[in-house]
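Below is one structure, written out as structure tokens; the observations come after it.
Hydrogens, waters and symmetry mates are skipped; everything else that's a heavy atom, side chains included, is used.
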Amino acid sequence: MAEPGSGLPSGLAVPTFLPWLTGLGAGMVFLSFLQKLLYPYFWSDLWYLLKMFRCGLWTTGKHGQKGELVTVLDKFLIQAKKRPQKPFIIYEGDIYTYEDVDRRSNKVAHVLLNHSPLKRGDTVALLMSNEPDFVHVWFGLAKLGCVVAFLNSNVRSVSLLHCIRSCEPRVLVVGAGFLETIEDILPRLPEGISIWAMKDSVPQGIISLKEKLSTASDCHVPRSHHAISNTKTPYLYIFTSGTTGLPKAAMICHLAAMKSSTGLWAFGCTPDDIIYITLPLYHSAASLVGIGGCIELGATCVLRKKFSASQFWNDCRKYNVTVFQYIGELCRYLCKQPKLFFTFHLIKYDFQKDEPIRDEQGWCSDVKKGEPGLLISQVNEKNPFFGYAGNKKQTEKKLLCDVFKKGDVYFNTGDLMVQDQEDFLYFWDRIGDTFRWKGENVATTEVGAIIGMLDFIQEANVYGVVVPGYEGKAGMASITLKPNMSLDLEKVYEQVVKLLPAYARPQFLRMQEKMEATGTFKLQKFQLVEEGFSPLKISDPLYFMDNLKKSYIPLTKEIYDQIILGKIKL
């Protein structure tokens with residue numbers, strides 16, 4: 001019976017579980033509010049984590065009809081069979097379907113199989129710009145089981161020769177626009193390398209790949225040529241400037257390529273997307289994530305030879321682009337190191353000594369949120385580091401040992417990052433003897449060596465300086481002259497233009513009477529970086545790279561102001 005005054009009809013009983021349900025409901029509402037307040041990205045992160053867990057199982061398992069290990073090339077062949085007439089690459093208005101690329105790469109494979117000494121496991125260096133034939137040659141070589149070394153199409157002379165020597169290729173394939181570049185170093189190439197060019201008319205000693213392709217077979221290449229028994233076997237060499245010296249060939253295994261190819265899918269792209277790629281294909285972002293990602297999805301790629309700010313949105317409208325690749329410091333990191341699946345730390349770093357800070361016991365420590373720290377990632381069986389081809393010393397320098405405890409090993413990314421209060425990561429700077437400009441790592445020792453080859457230069461100390469409105473740092477070289485020698489600004493300009501890629505050429509020069517060195521006899525950069533390039537703060541003569549006059553010219557206050565205001569573009 002209901003109690004008097006309860007407001008309930010006489011004879012109606014109150015369920016005993018009603019107060020409990022009311023309390024549970026209130027608790028759920030409170031927990032939901034707390035979750036949104038403290039962990040606003042919880043459900044998004046959980047869903048992404050589940051997707052990546054599924055992706056990890058997929059990329060490490062056997063999925064062929066007979067239980068074979070599947071590679072990126074296998075995925076492409078599946079797509080070519082499944083959707084042969086779907087556009088795979090759109091380039092300068094021309095459409096290349098999945099079947100077109102399959103057949104063209106078959107031709108490449110048959111030419112090299114029949115007319116070259118190549119065999120399974122050999123390395124082939126590829127020097128080409130962004131164009132469909134880059135993909136045709138890459139896939140054709142992959143069908144033969146060859147390891148392809150992507151050469152940076154911007155490097156020249158000594159640097160290019162070093163790259164070719166370091167990966168020890170049997171064959172070098174050159175795009176039509178790079179024959180002159182190769183001719184400059186032809187006498188110094190290692191013996192035994194055959195050179196093939198994607199051009200009809202070629203100099204003596206070079207073979208025309210384009211000519212032989214016109215009569216080659218486009219029939220299927222047996223899978224036995226490229227089938228693998230271990231996903232950790234080499235697939236590509238991709239060159240990186242690293243933190244010191246000349247470029248190094250980082251080995252990319254089939255497993256790493258497969259994981260990279262799931263990047264677009266992981267971020268929500270679908271087979272219906274049209275992906276716009278303006279980044280250079282010799283970079284992992286464009287080749288592994290971009291081209292590999294399109295293959296994983298069965299999507300279409302709009303490939304551009306070179307990024308153009310003025311044509312970007314026109315292209316997007318013209319080709320109905322739905323996704324484009326952007327290489328910023330944050331995006332570059334996220335593509336290579338998902339936050340959720342590779343343990344990482346941001347550790348305290350001594351910018352003047354150029355090394356991690358260790359306490360009295362020799363251990364490193366994490367920075368606080370909002371402070372810049374060196375990004376390191378633990379090396380283990382699930383997150384291996386294969387090192388650089390033929391460069392044991394540089395491989396060892398990329399590893400930090402005994403970081404937090406005895407015996408642990410961490411990979412030194414060379415990036416200084418900042419983690420904000422919501423745990424988002426932002427690029428801050430590069431460490432050591434590199435800086436980033438125009439999306440590229442610039443090795444200061446390499447640039448300094450090129451400038452130092454001039455007979456009137458005593459020393460060249462290269463570093464990066466901040467320019468308002470620009471991402472990264474612009475190159476600057478502090479130089480001293482040999483006794484009784486004068487500075488020839490036109491020769492300095494000619495030297496850097498001839499021997500350095502555009503992104504590595506110093507925008508500014510500073511002439512000093514003497515160089516300051518550190519306690520370990522390295523040239524002091526820290527103070528120079530802090531002082532920048534302002535003629536208002538620096539009493540030393542300063543010069544600016546003028547491409548119209550083809551010389552370095554005095555950096556006046558007027559020129560400096562125009563650079564700061566963005567009226568002069570770097």
Side-chain angles (χ1 to χ4, degrees), residues 152 154-163 181 184-185 188 241-248 354 430 432-438 440-467 472-518 521-529 531-533 535 538 540-555 559 563 570:
N152 185 326
N154 290 298
V155 299
R156 297 289 186 272
S157 188
V158 177
S159 297
L160 179 58
L161 190 62
H162 163 80
C163 291
T181 302
D184 289 342
I185 61 171
R188 292 175 285 168
S241 60
T243 53
T244 57
L246 294 166
K248 300 177 286 295
D354 200 21
R430 287 285 293 175
D433 296 320
T434 56
F435 59 89
R436 179 167 280 271
W437 178 246
K438 302 290 186 182
E440 300 275 2
N441 283 342
V442 180
T444 60
T445 51
E446 178 185 354
V447 179
I450 294 295
I451 297 175
M453 292 166 60
L454 293 165
D455 57 8
F456 52 86
I457 298 293
Q458 180 72 41
E459 287 182 295
N461 188 6
V462 180
Y463 49 97
V465 292
V466 174
V467 181
K473 292 184 176 181
M476 186 165 184
S478 175
I479 57 176
T480 58
L481 301 177
K482 290 181 179 177
N484 304 317
M485 299 292 281
S486 58
L487 177 61
D488 190 326
L489 294 170
E490 290 186 0
K491 280 191 176 181
V492 178
Y493 179 91
E494 181 183 341
Q495 179 82 344
V496 299
V497 168
K498 180 181 178 182
L499 299 179
L500 290 171
Y503 62 80
R505 297 166 190 165
Q507 299 291 319
F508 310 103
L509 296 180
R510 174 176 179 172
M511 193 167 73
Q512 293 186 290
E513 291 185 4
K514 66 176 183 177
M515 294 285 187
E516 298 293 333
T518 66
F521 305 103
K522 289 181 66 176
L523 294 178
Q524 177 64 264
K525 298 179 189 286
F526 187 80
Q527 187 62 35
L528 295 174
V529 172
E531 292 172 354
F533 64 101
I538 300 170
D540 296 326
L542 298 175
Y543 303 94
F544 171 65
M545 187 179 193
D546 191 322
N547 291 311
L548 293 178
K549 295 183 179 179
K550 298 188 183 303
S551 177
Y552 283 91
I553 62 173
L555 178 58
I559 293 177
I563 294 172
L570 302 185

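- To the nearest 0.5 Å, atom CG of residue Leu509 and atom CE of residue Met476 are 8.0 Å apart.
- Residues Ile479 and Phe456 form no side-chain contact, since every pair of their non-hydrogen atoms from C-beta on lies 4.5 Å or further apart.
- Between the side chain of Ser478 and the main chain of Asn461, no donor-acceptor pair closer than 3.5 Å is present.
- The minimum heavy-atom distance linking Pro506 with Ile451 is given by the pair CG-CD1, 3.9 Å.
- Other residues, nucleotides and ligands place no more than 12 heavy atoms under 6.0 Å from the NZ atom of Lys491.
- Atom OH of Tyr503 sits about 8.5 Å away from atom CG of Asn441, to the nearest 0.5 Å.
- The distance from the CG atom of Leu528 to the CE atom of Met515 is 7.5 Å, given to the nearest 0.5 Å.
- Other residues, nucleotides and ligands place no more than 12 heavy atoms under 6.0 Å from the CD atom of Glu494.
- Between Tyr493 and Tyr552, the ring-plane angle classifies as perpendicular under the 30° and 60° cut-offs.
- Between Ile559 and Ile553 there is a side-chain heavy-atom pair separated by less than 4.5 Å.
- The shortest side-chain heavy-atom distance between Leu542 and Arg510 falls under the 4.5 Å cut-off.
- Side chain of Arg505 to main chain of Val497: a donor-acceptor pair is present (N/O by atom type, distance under 3.5 Å, no hydrogens or angles).
- Partners of Val466 under the side chain to side chain contact (heavy atoms under 4.5 Å, CB included) rule, at least two apart in sequence or in another chain, are Lys473.
- When side chains are defined from C-beta on, Leu570 counts as touching Trp437, because their heavy atoms get closer than 4.5 Å.
- Listed here is the closest heavy atom pair of Glu531 and Ile538: O-CD1, 3.8 Å.
- Rounded to the nearest 0.5 angstrom, Asn152 CG and Asn154 CG are separated by 5.0 Å.
- The two atoms that bring Leu481 and Met511 nearest to each other are CD1-SD, 3.7 Å, heavy atoms only.
- Separation of atoms CG (Leu454) and CD (Gln495) is listed at 4.5 Å; rounding is to 0.5 Å.
- Enclosure of atom NZ in Lys550 is not indicated, since only 12 or fewer non-hydrogen atoms of other residues, nucleotides or ligands lie within 6.0 angstrom.
- Counting all heavy atoms, side chain and backbone alike, Thr434 lies closest to Ala443 at CG2-CA, 4.0 Å.
- Summarising the geometry of Val467 relative to Ala474, their closest heavy-atom pair is CG2-CB, 3.7 Å, with the distance given to 0.1 Å.
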